[in-house]
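Proteins come first, then strands; the chains are lettered A, B, ... in the order of their sequence lines, and each starts at number 1.
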Amino acid sequence: MDNLNLSVNIGKLKLKNPVMTASGTFGYAREYSEFIDLNRLGAIVVKGISLKPMEGNPPPRICETPCGMLNAIGLQNVGLKNFLKEKLPFLKTLNTKFIVNILGNSISDYVKLSKSLEDSGIEAIELNVSCPNVKKGGISFGTNDKMLAKLISKVRQSAQRITLITKLSPNVSNIPLFAKIAEDSGSDAISLINTIPALAVDIETWKPRLANITGGLSGPAIKPIALRMVWEAAKTVKIPVIGIGGIMNANDAIEFLLAGATAIQVGTGNFVNPCATIDIIDGIESYLKRKSIDDIKNIIGGINGNCTGDNSDN
Amino acid sequence: MDNLNLSVNIGKLKLKNPVMTASGTFGYAREYSEFIDLNRLGAIVVKGISLKPMEGNPPPRICETPCGMLNAIGLQNVGLKNFLKEKLPFLKTLNTKFIVNILGNSISDYVKLSKSLEDSGIEAIELNVSCPNVKKGGISFGTNDKMLAKLISKVRQSAQRITLITKLSPNVSNIPLFAKIAEDSGSDAISLINTIPALAVDIETWKPRLANITGGLSGPAIKPIALRMVWEAAKTVKIPVIGIGGIMNANDAIEFLLAGATAIQVGTGNFVNPCATIDIIDGIESYLKRKSIDDIKNIIGGINGNCTGDNSDN
Amino acid sequence: MSKNFQARVITNSALNSKIYLLEIAPLEETTVPSPGQFYMIQPDSSFDPLLKRPFSYLRKKANRIQFLYAIRGKGTGLMKNFPQGKIINMTGPFGNGYPVHNDNRIPLLIAGGTGIASILSLYCELNKKYLIYGAKTRDELVLIDEIEKSGGEFFICTNDCSYGKKGMVDELLRDFISSHQDIISSVVIYACGPKPMLKSISKIASENNIKGFASLEENMACGFGACLGCAVKTKKGYQRVCKEGTVFPFAEIVW
Amino acid sequence: MSKNFQARVITNSALNSKIYLLEIAPLEETTVPSPGQFYMIQPDSSFDPLLKRPFSYLRKKANRIQFLYAIRGKGTGLMKNFPQGKIINMTGPFGNGYPVHNDNRIPLLIAGGTGIASILSLYCELNKKYLIYGAKTRDELVLIDEIEKSGGEFFICTNDCSYGKKGMVDELLRDFISSHQDIISSVVIYACGPKPMLKSISKIASENNIKGFASLEENMACGFGACLGCAVKTKKGYQRVCKEGTVFPFAEIVW
Ligand SMILES: Cc1cc2nc3c(=O)[nH]c(=O)nc-3n(C[C@H](O)[C@H](O)[C@H](O)COP(=O)(O)OP(=O)(O)OC[C@H]3O[C@@H](n4cnc5c(N)ncnc54)[C@H](O)[C@@H]3O)c2cc1C
Ligand SMILES: Cc1cc2nc3c(=O)[nH]c(=O)nc-3n(C[C@H](O)[C@H](O)[C@H](O)COP(=O)(O)OP(=O)(O)OC[C@H]3O[C@@H](n4cnc5c(N)ncnc54)[C@H](O)[C@@H]3O)c2cc1C
Ligand SMILES: Cc1cc2nc3c(=O)[nH]c(=O)nc-3n(C[C@H](O)[C@H](O)[C@H](O)COP(=O)(O)O)c2cc1C
Ligand SMILES: Cc1cc2nc3c(=O)[nH]c(=O)nc-3n(C[C@H](O)[C@H](O)[C@H](O)COP(=O)(O)O)c2cc1C
Ligand code: FES
Ligand code: FES
């Protein structure tokens with residue numbers, strides 16, 4: 001058991017382990033360098049980048065709900081240019097993979113972003129498609145099948161070498177449909193889920209608890225929903241699925257791997273415990289040792305019985 | 001403040017207060033008669049009834065998740081005939097309104113059920129549309145706009161006097177669309193949300209925690225999602241909206257009323273505390289007294305500022 | 001009549017590294033439970049964990065109820081920190097309890113693991129009686145003194161031979177049957193423990209024409225028949241462990 | 001350097017019906033905090049409540065940190081039950097702290113309510129100093145002895161006149177300005193308390209050409225700059241209370 005193999009592949013990216021950070025919860029990585037050895041991570045997904053800097057929403061931007069939190073940060077970010085100048089150099093010093101999450105309000109925004117990033121030598125991008133398409137009356141790209149297919153195809157055409165991950169919106173009736181669209185349109189992988197639109201009300205002031213009224217729900221509360229969607233998606237597509245939603249510890253991560261995720265992302269868990277990612281890597285290792293499994297790939301999709309791991313001692 | 005008015009109207013039903021029980025969590029009411037005075041309830045919604053008895057799913061049927069639970073009861077119920085014979089007589093002895101939740105696998109199932117119930121003198125039904133349409137390949141009625149419109153119109157035609165409540169599925173991108181369809185097709189009210197499809201995995205046995213694999217998530221975890229959907233629906237339609245999802249106490253109920261719900265249903269909360277409904281009624285009364293509001297209608301939709309309650313002392 | 005009530009923790013102490021004894025005093029009058037019945041106990045006032053947990057009562061005294069519980073997960077992990085004096089939320093008593101026959105049948109009680117709690121609630125109330133009790137190791141056997149004082153004849157085993165006979169309760173049951181052929185036709189079994197054990201016992205019983213009852217467990221949300229979550233397959237279709245059970249005749253259960 | 005660490009609860013005692021004093025000892029070496037910095041404290045190991053809660057430190061002693069906290073909701077409701085010896089999870093110290101000037105400026109500290117914790121962390125470390133401290137009622141005033149011993153000149157008020165002057169701290173500030181005209185041009189204000197109080201003080205300060213700093217609060221998820229949840233509007237755009245703050249110059253804040 002000394003050579004435990006935790007490595008997984010996402011498109012052309014070879015990750016040393018399946019534990020990644022979720023966009024928007026890990027800043028540009030430097031924020032966590034006081035707490036953990038960033039080089040141990042499978043990959044880092046940075047805060048979503050748009051073409052121009054975005055200032056974000058007025059406060060209050062977050063509040064807590066049962067086993068979860070709402071956020072309406074408003075996609076605040078430094079913009080592409082500043083990212084390349086101010087944030088990228090630090091990321092490049094790290095001995096781990098990083099993935100740039102991007103967002104836009106039109107297909108051309110996404111195309112420009114992915115092209116520039118590919119030209120800057122970035123290995124992988126994650127498309128946040130839960131953003132409104134301003135040209136189409138603000139309908140989210142991620143909830144409209146035709147718009148999503150077109151978006152991904154165009155990005156694929158303009159950036160052919162980059163590893164392209166499409167991050168699915170949970171706000172649809174039919175996850176397999178959208179997973180398939182992502183695959184067919186040229187994504188190398190899909191990640192899910194993004195936050196679920198939600199509301200909390202202050203019964204003393206009669207005001208929503210967020211200035212933006214609604215926000216995205218994340219944290220343990222959404223884990224069972226995310227797991228179901230990951231399971232549905234993984235049954236449908238051949239490209240790797242990255243599981244996200246309420247992962248707080250190694251047991252949660254293993255649930256996602258068993259449900260078919262090739263890798264996972266930790267979001268809200270980082271706020272509660274800034275060392276969560278490292279604890280999860282360690283915890284997955286102990287689990288595999290305890291189960292006498294020497295390759296993480298042997299547990300992926302385990303609930304469907306299509307894995308080769310020796311699971312007989314249960 | 002001695003004559004506090006808690007009464008609300010749902011279609012032709014006049015409820016003494018806005019606190020109802022959610023289908024499938026209150027049996028046929030008798031199960032709670034040891035714990036509470038059933039006559040104090042605004043209304044009782046009974047376990048969903050199908051034309052023929054249904055035996056339900058194999059165990060395990062439930063499991064716990066963070067701030068929530070999954071269930072895959074499998075719509076076990078005694079069927080229409082036994083309901084009318086064995087359960088209805090007890091319900092009729094109560095001095096409160098009751099609503100019969102119905103489910104089917106085809107439009108004709110729903111039509112037959114609603115007609116029989118109207119003929120038996122039932123005042124109100126709630127359509128559970130989260131069931132698969134077997135004729136259309138198992139797509140849920142509640143996630144297909146055309147099927148839903150047709151279903152409701154047909155039921156409305158066949159049972160014209162009954163108060164018709166459509167219970168919306170949360171599993172859609174666009175709640176306002178489905179709320180509007182329910183209104184336009186003849187519903188007297190809508191209720192939402194039903195449970196959210198979800199999954200939990202046992203990492204020791206590598207099996208889903210439910211025999212049915214997936215189940216419906218309910219409880220406090222889904223409250224923020226439910227609140228957002230209720231708020232969106234209430235802004236869209238003129239018919240009353242009944243809020244459901246994670247209501248455990250009076251504060252939760254008031255959040256829903258402020259978000260635009262005319263009444264609320266308590267589901268999972270009844271399991272945790274069988275007296276939850278009564279505690280909620282008492283809690284709403286205390287809240288109104290504390291806020292010097294003499295009519296519950298003055299807080300409904302309060303977060304949009306379109307209520308007349310005196311809210312100035314906050 | 002079942003109730004939703006509050007209770008004060010009187011004692012909450014470890015019997016060994018895994019098993020605790022909890023004694024509570026209801027703050028209001030409650031129904032006296034009968035052997036085999038259970039209560040739902042809320043581990044925490046937060047929503048995580050959310051649901052109350054089911055526990056058989058072990059003993060009842062004047063306005064006091066005792067429970068025996070093993071530390072398993074979140075809920076019992078919190079329960080072990082209940083300080084003396086804490087006010088907790090409970091509901092109960094629930095379940096049909098063990099049917100007790102006022103005739104000359106001879107009760108043979110069989111307990112595996114924490115099933116001993118439910119079984120002892122009955123054992124104390126019987127006169128002529130036999131008990132078979134098994135656990136994994138000596139460490140997990142509890143209340144042996146109590147059993148000794150109760151006056152029946154008893155047989156104890158541990159899987160690892162650290163106390164009593166080595167093996168499982170089903171082996172002791174076979175031994176009992178061979179050595180008590182004279183009375184075996186009058187024997188009626190009451191069993192509580194892990195499902196595989198109950199299945200095996202019910203098989204042995206049926207092979208030997210012995211009637212018996214098993215108290216089953218299932219995940220529970222309510223405990224009082226409302227959620228239909230605790231269904232088990234029986235020859236009469238799905239039945240609720242919390243309402244038609246927890247105690248079912250061996251012959252009715254579809255294993 | 002900020003850390004994620006565990007700490008043992010040394011004491012946790014009520015100063016009055018709402019306000020508690022918590023003393024903890026980190027289980028590992030941690031950075032010594034500077035005045036105005038804060039820590040995130042996890043109220044419970046369950047996921048409800050989920051997030052850690054921010055609290056300014058009040059005092060630091062050899063490997064001990066003290067906090068003052070008011071019972072507000074779920075999290076602080078659980079914290080008040082922290083038993084002595086409990087191991088809790090924390091992160092910190094965070095925030096930029098109060099800028100302290102090594103020149104002849106005269107610090108005037110202003111605290112409202114539990115803002116006194118943050119303010120006292122600075123007060124103890126200063127020599128010549130003034131303090132204005134207000135609370136709703138006498139009951140909510142805490143650590144008066146401590147303040148008396150600290151050697152500065154202080155003014156106390158309560159809204160209901162139950163102790164000290166009647167009124168709000170901003171009235172005391174106006175009084176202070178009129179009665180200390182000789183030194184007022186050297187005064188620099190440090191304030192912590194409810195937002196309306198800070199707004200009013202900053203207005204008075206600006207009218208009188210007094211420079212000053214306010215320590216702000218916002219809902220926080222992380223405490224260390226990662227979530228962007230704690231943004232406040234400033235003349236430089238949105239800034240993070242936990243990172244660029246908590247302490248901002250009056251002139252920078254957009255109220
Ligand atoms: C009628 C009945 C009577 C019982 N009497 C006793 C008793 O006297 N003493 C005793 O120690 N235990 C008893 N149990 C089992 C006890 O209810 C569970 O051990 C307890 O609910 C576990 O809670 P947890 O939060 O610690 O575990 P969880 O964190 O919820 O789960 C840990 C493990 O326990 C299992 N589990 C969880 N909930 C239940 C449940 N409701 N029923 C069965 N297994 C569960 C899970 O599948 C999981 O493997 C009884 C169960 C039933 C149904
Ligand atoms: C930098 C900073 C330093 C602080 N220092 C102290 C201190 O030294 N002593 C002290 O008593 N309090 C302090 N607070 C406030 C303290 O963090 C909140 O009172 C606490 O988080 C409430 O937690 P709760 O779970 O009890 O309340 P909740 O149940 O979460 O909410 C109850 C009420 O408190 C408000 N609240 C909740 N979370 C926060 C938050 N993070 N910030 C502000 N208000 C909140 C809510 O809006 C609600 O009205 C500080 C806050 C910040 C941001
Ligand atoms: C504060 C916050 C900010 C986020 N920002 C982004 C973002 O910029 N882009 C994105 O794709 N997802 C963003 N997300 C979503 C997360 O990446 C993740 O999909 C979601 O939070 C669910 O995972 P969790 O439950 O582990 O947090 C954000 C989430 C949070 C809580
Ligand atoms: C055990 C269980 C059984 C349910 N059965 C039904 C049903 O038969 N028909 C229906 O429309 N909804 C059913 N529901 C959904 C509830 O009525 C309710 O919409 C949902 O649980 C959300 O509310 P809650 O969070 O308060 O439980 C069931 C829910 C649970 C937990
Ligand atoms: S536990 Fe709810 S019906 Fe048995
Ligand atoms: S609390 Fe997360 S950035 Fe400030």
Side-chain angles (χ1 to χ4, degrees), chain B residues 21-22 24-36 46-48 53-78 200 209-211 215 218-221 223 246 248-249 252 267-276 278-279, chain C residues 1-6 28 30-31 40-54 72-76 88-94 195 216-245 253-255:
Chain B
T21 65
T25 66
F26 213 70
Y28 301 104
R30 201 192 273 275
E31 290 81 352
Y32 285 82
S33 56
E34 290 184 289
F35 299 109
I36 59 172
V46 300
K47 174 77 188 153
M54 288 173 70
E55 70 160 353
N57 288 329
R61 291 178 169 186
I62 56 168
C63 72
E64 194 173 298
T65 62
C67 289
M69 63 175 279
L70 304 190
N71 90 78
I73 305 302
L75 302 169
Q76 175 179 347
N77 77 90
V78 297
R209 296 179 90 84
L210 302 181
S218 64
K223 188 184 71 168
M248 306 299 283
N249 52 43
D252 294 335
T268 303
N270 292 307
F271 304 151
V272 179
N273 169 15
C275 308
I278 304 301
D279 293 351
Chain C
M1 217 183 90
S2 321
K3 270 200 172 166
N4 184 37
F5 62 95
Q6 294 198 306
E28 54 186 276
T30 58
T31 309
M40 301 289 289
I41 298 181
Q42 185 161 25
D44 197 49
S45 60
S46 90
F47 297 141
D48 179 39
L50 180 64
L51 301 168
K52 292 191 168 96
R53 272 42 179 172
R72 295 249 159 73
K74 241 182 201 175
T76 48
I88 59 174
N89 294 316
M90 300 179 53
T91 41
F94 299 127
K195 205 155 183 174
L216 301 183
E217 294 191 0
E218 245 321 317
N219 290 355
M220 291 186 172
C222 68
F224 48 83
C227 73
L228 308 183
C230 63
V232 285
K233 191 102 187 168
T234 73
K235 302 231 162 95
K236 300 180 181 167
Y238 285 120
Q239 293 199 67
R240 295 167 295 186
V241 168
C242 73
K243 198 85 181 182
E244 287 78 44
I253 303 166
V254 179
W255 294 101

By the definition ring-ring contact (aromatic ring centres under 6.0 Å, His included), identify the one residue from B:F26, B:Y32, B:F271 that meets it with C:F224. B:Y32
Nearest atoms (heavy-atom pairs only) where C:G229 meets B:R61: O-CB, 3.5 Å
Taking every non-hydrogen pair under 4.5 Å, which of B:G27, B:A72, B:P58 racks up the most with chain C? B:P58
The interface call for B:N57 against chain C, heavy-atom contacts under 4.5 Å, is backbone
Is there a donor-acceptor pair closer than 3.5 Å between any side-chain N or O of B:E64 and the backbone N or O of C:L51? yes
Heavy-atom pairs under 4.5 Å with chain B, option from C:V232, C:D48, C:L228 with the top count: C:L228
Which distance, rounded to the nearest 0.5 Å, do you find between the CG of C:L50 and the CE of B:M248? 5.0 Å
Which distance, rounded to the nearest 0.5 Å, do you find between the CZ of C:F47 and the CG of B:D252? 6.0 Å
Could you give the distance from CD1 (B:I73) to SG (C:C230), rounded to the nearest 0.5 Å? 8.5 Å
Within this structure, what is the CD1-SG distance for the pair B:I62 and C:C227, rounded to the nearest 0.5 Å? 4.5 Å
Options C:G237, C:P49, C:G225, C:A221, ranked by heavy-atom pairs under 4.5 Å with chain B, top entry: C:A221
Distance from B:I278 atom CD1 to C:N4 atom CG, nearest 0.5 Å? 11.5 Å
Given a strict heavy-atom distance threshold of 4.5 Å, which part of B:Y28 is in contact with chain C: side chain, backbone, both, or neither? neither
Highest number of heavy-atom pairs under 4.5 Å with chain C: which of B:K47, B:Q76, B:R30, B:R209? B:Q76
Between B:G74, B:C67, B:P66, which shows the greatest number of heavy-atom pairs under 4.5 Å with chain C? B:C67
Tell me if a side-chain donor or acceptor on B:E34 pairs with a main-chain N or O of C:S2 at a distance below 3.5 Å. yes
Does any heavy atom of chain B fall under 4.5 Å from the side chain of C:M220, the backbone, both, or neither of them? backbone
Using a cut-off of under 4.5 Å on heavy-atom pairs, state which of B:G56, B:A221, B:G219 scores highest against chain C. B:G56
Quick check on C:K3 against chain B: is it the side chain, the backbone, both or neither that has a heavy atom closer than 4.5 Å? backbone
Over all atoms of both residues, closest heavy-atom pair of C:K52 and B:P274: NZ-CD, 4.4 Å
